[in-house]
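Both backbone and side-chain heavy atoms feed into the values below; hydrogens, waters and symmetry mates do not.
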Amino acid sequence: MNSLRASNIPLVGSRIAALRALVSEIPPAIAAQAIGYTAQCAERHAQVSGAT
């Protein structure tokens, strides 16, 4: 994480982008369970990313 900060890479934006990419590849409920998010949160990100 420190190397990402040192490179001026936005951590929150990167995490959200990775989550949206994941829920576009696999069902949001499975992604949520695998990474510790709620199913509702994963579903919202899937909707925003256009996956559903």
Side-chain angles (χ1 to χ4, degrees):
M1 292 270 204
N2 290 332
S3 62
L4 292 174
R5 280 192 195 107
S7 299
N8 292 324
I9 296 173
L11 299 179
V12 173
S14 298
R15 186 171 49 236
I16 290 171
L19 175 59
R20 289 183 180 167
L22 181 63
V23 297
S24 70
E25 295 290 324
I26 64 174
I30 294 172
Q33 185 178 14
I35 61 175
Y37 278 70
T38 64
Q40 294 83 7
C41 178
E43 286 289 341
R44 280 194 309 269
H45 283 286
Q47 289 173 351
V48 170
S49 69
T52 57

Residues forming a side chain to side chain contact (heavy atoms under 4.5 Å, CB included) with L19, sequence neighbours excluded: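 Listed in chain order: V23, I35, Y37, H45.
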side-chain hydrogen bond (donor to acceptor under 3.5 Å, both in side chains) involving R44 - partner list, sequence neighbours excluded: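 In terms of side-chain hydrogen bond (donor to acceptor under 3.5 Å, both in side chains), with neighbours along the sequence ignored, R44 is linked to no residue.
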Considering all heavy atoms, the nearest A29-E43 contact: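 Looking at all heavy atoms of both residues, the closest pair is N-OE2, 4.5 Å.
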Which atom of P28 lies closest to which atom of A46, heavy atoms considered: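 For P28 versus A46, the nearest heavy atoms are CG-CB, 3.6 Å.
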